[in-house]
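Each remark here refers to the structure printed beneath this line.
Order of the sequence lines sets the chain letters (A, B, ...), proteins ahead of strands, with each chain counted from 1. What you see is a predicted model, and the numbers here were worked out from it, not measured in a lab.
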There are 4 protein chains.
Amino acid sequence: MGRLPRKKADIERAALELFVDQGVDGTSVRDISTRSGVTEGALYRHHKTKDDLVRALFARHYAEFAELVAELRKKKLPIDEFIAELVMTFYAYYDEDPYIFHFVMLVRHKLLEEVRADEHNPVELLSRILKRAERNKEIPKQNTAITTQLLLGMVMQVPIGCYYGRIKKPLVKHAERVTQACLAVMHGGG
Amino acid sequence: MGRLPRKKADIERAALELFVDQGVDGTSVRDISTRSGVTEGALYRHHKTKDDLVRALFARHYAEFAELVAELRKKKLPIDEFIAELVMTFYAYYDEDPYIFHFVMLVRHKLLEEVRADEHNPVELLSRILKRAERNKEIPKQNTAITTQLLLGMVMQVPIGCYYGRIKKPLVKHAERVTQACLAVMHGGG
Amino acid sequence: MGRLPRKKADIERAALELFVDQGVDGTSVRDISTRSGVTEGALYRHHKTKDDLVRALFARHYAEFAELVAELRKKKLPIDEFIAELVMTFYAYYDEDPYIFHFVMLVRHKLLEEVRADEHNPVELLSRILKRAERNKEIPKQNTAITTQLLLGMVMQVPIGCYYGRIKKPLVKHAERVTQACLAVMHGGG
Amino acid sequence: MGRLPRKKADIERAALELFVDQGVDGTSVRDISTRSGVTEGALYRHHKTKDDLVRALFARHYAEFAELVAELRKKKLPIDEFIAELVMTFYAYYDEDPYIFHFVMLVRHKLLEEVRADEHNPVELLSRILKRAERNKEIPKQNTAITTQLLLGMVMQVPIGCYYGRIKKPLVKHAERVTQACLAVMHGGG
DNA sequence: AATGAATGAGATTTCATTCAT
DNA sequence: AATGAATGAAATCTCATTCAT
């Protein structure tokens, strides 16, 4: 066997962090190689292009998160509990590694189209959950498309506020407040 | 007799749209010249550098919006009405030209630091408004930093949902629902 | 207007000569820029890629030559005179600028497929001419596909021998001998 | 018990074919490893460098062919018979493995200088044979340098036509016609 | 012998900016 | 004001070769 690909992880971690801190276009392959202590060429053994690296990171972490959500769905919880657990799961995930969250946020504009139709897409998923809750009379009749965006906006903005130092870590401490807000919006109707 | 500097406007419009669609770093001066039908050199007649063009666009549109907000503040409305009008103003602004809205969102990370202390900074502004409302007992005691992010998240996410076709235009039609959600969150305490 | 593209010709000439002397793959863009006294980037204003430069040079010179042949065809000469003039035209062309000839020879493997079906393709053309001569009883019945290759081989090999110093310039001095050989092969039948 | 060094053969065969199809510079070590199903590093177990591989292939196959020609010379045949046998030998060689033929043609420019003085060099050889035939009055007085190129051109062009599908395999079937043409050119004088 | 990750030098290409026209 | 060729620096990517396993 050849050498173990010990530096692959270093490259990917450096890339992830730099992408978050400087943007994808703002990060050169040289930046990545400098930060990871690996030569530029090494990146290309593991990923065909820089763009491929971005896609691979996105796909991996997006899949990871989708897995968490899928597990949660299997429990068939009532809507309120589902939201509570979703927020908690999400924020625990964030607390463990904020970079992953911010990276996924950062590139989803470019790459999400590729998984748009995917039912693991969190937006799509939340939308379906809300529609079903509406049918089940768990929540009042409403424009669920809007509600989806409202909940999403709340849940996702708090980590962003955290990144900018406006919200204190750890996020899980705020999960209850956010959940409460979500329930208020959901049940408020419209 | 001086005719309008139409080319300048063409350049700036092309730049604005490309920046939104491809990102700032993802848009070359050549892209701008191609889309605007003006040569590359011409850009430098009107803006010292590409970065200057970005800043000029941001400053102009951000100032425009800040002006709207400033007018609103002068009215010294009760918190609920202020939120209602803010959302409405914001969404009317979006409906008039979504590109401007998305552009401002896009570059605020990079450029807002320069105006961070600015009280027109929407985050800062909303934060202050909420703190005062809390002091005035208009809303219950709460972690206003969190509430700020929650409201912001809701208000800003809806236009994004619109960009991706999940929400129907015009946005002003959804202003009431969003306002209602904001009030519920604000008054819900936590 | 902008600067005149004065250096475009320099770049193309340098490229042509280097391609012949070192091969296409053996010639770097830096080589071209050094020899032409122009920066590397300049090449990319006039040609999208290095490969495009190769194609442009080939297309231009191939077309030039095809034009010569087309003119010749219009004269509707008897086969012997046609061959005589073709060889003479070809060698005069070579004497004027040997690099062009060698360049076209060099890259035809890669690029000729794009013009394979083209009736301006000299191989195709010669083949047709021979078939018609056969039908007109100007030459005896034979495998014209083979004869085409035989004539082609003779006519093209002499310039190559010239390149390696085995044949003295100018080539036109040898046109008669080559013509004579062609006629012998053509009329020899088989 | 030593099993055959099959991998070495696989590498060399893959290299040979790729060199012909894509050129030497146009073929990377990685291409060779992919096509041969052997890893990149393995190549360096058998050949010091890529260039060494090229030289080894050339030397081996050139030597093979030179051997054939040497045998032929020993027979001291009259010029006409010599040409006939040379063409036949050459084409049988081609029919057995066209890739070898094309490879030798491809790299002879670069590598033949090392064997330029070599009397097995086909150009040199043919040239000497013709000069001697001229001295022996087997053929009329002529510019043998030109005649050499003419014969060479014919003999070599037919395999090329075969490569492009203009001539049908096997080549040995065309040997007689080519020989006949060679004799006509040789004896035609000039 | 074999593997394939990693290196390091260099190739091609991009691009904001300058400048002769 | 405008043009677009040219620059120069830096970006992305390639690739023969080495080396730890």
_Nearest whole Å is fine: how far is F/dC15 C1' from C/Asp25 CG?_
13 Å
_Rounded distance (Å) that lies between atom P of F/dA1 and atom NE2 of B/His47_ = 13 Å
*Taking the six-membered ring where the residue is Trp, are the ring centres of C/His109 and D/Tyr163 under 6.0 Å apart?*
no
*Between atom CD1 in A/Ile32 and atom C1' in E/dT7, what is the gap in whole Å?*
17 Å
_A/Tyr44 side-chain N/O to F/dC13 phosphate OP1/OP2 under 4.0 Å_ = yes
*Can you spot which of C/Arg35, C/Arg60, C/Lys7 makes a salt bridge (Lys or Arg N to Asp or Glu O under 4.0 Å) with C/Glu12?*
C/Arg60
*Quick one: C/Asp51 CG to E/dA11 C1', roughly how many Å, whole number?*
14 Å
*asked:* Using heavy-atom distances to pick each residue's nearest nucleotide on DNA chain E, tell me which of A/Gly37 and C/Val24 is more 5'.
replied: A/Gly37
*State whether C/His46 places a side-chain N or O below 4.0 Å from either non-bridging phosphate oxygen (OP1 or OP2) of F/dA6.*
yes
*asked:* Under 3.5 Å for both donor-acceptor distances, Watson-Crick or wobble: does F/dA10 have a partner, and if so which one?
replied: E/dT13
*Can you tell me the distance, in whole Å, between the CZ atom of D/Arg30 and the C1' atom of E/dA6?*
12 Å
*Proximity to the side chain of C/Arg45 - top-ranked nucleotide from F/dA16, E/dT7, F/dA6*: F/dA6
*Taking the six-membered ring for Trp, are the ring centroids of C/Phe103 and C/Tyr99 within less than 6.0 Å of each other?*
no
_Counter-base of F/dA20, judged by Watson-Crick or G-U geometry with both distances under 3.5 Å_ = E/dT3
*Is the gap between the ring centers of B/Phe65 and B/Tyr93 under 6.0 Å?*
yes
*Tell me what D/Ser28 touches on the nucleic acid: a base, only sugar-phosphate, or nothing, going by heavy atoms under 4.0 Å.*
sugar-phosphate
*Mapping D/Val38 and B/Thr49 to their closest nucleotides on DNA chain E, which lands nearer the 5' end?*
D/Val38
*Examine E/dT7: is either OP1 or OP2 under 4.0 Å from a nitrogen or oxygen in the side chain of A/Lys7? Give yes or no.*
yes
*Using whole Å, report how far NZ of D/Lys48 lies from C1' of F/dC19.*
18 Å
*Quick one: C/Leu43 CG to E/dT13 P, roughly how many Å, whole number?*
9 Å
*For the side chain of D/Lys50, counting heavy atoms from C-beta on, which of E/dA5, F/dT17, F/dC13 is nearest?*
F/dT17
*How many Å lie between CD on C/Glu40 and P on E/dA16, as a whole number?*
18 Å
_Nearest heavy atom decides the nucleotide; on that basis, is A/Arg6 or C/Lys8 closer to the 5' end of DNA chain F?_
C/Lys8
*Is the ring centre of D/His102 less than 6.0 Å from the ring centre of D/Phe19?*
no
*Select base, sugar-phosphate, or nothing to describe what A/Thr27 touches, counting heavy atoms under 4.0 Å on all strands.*
sugar-phosphate
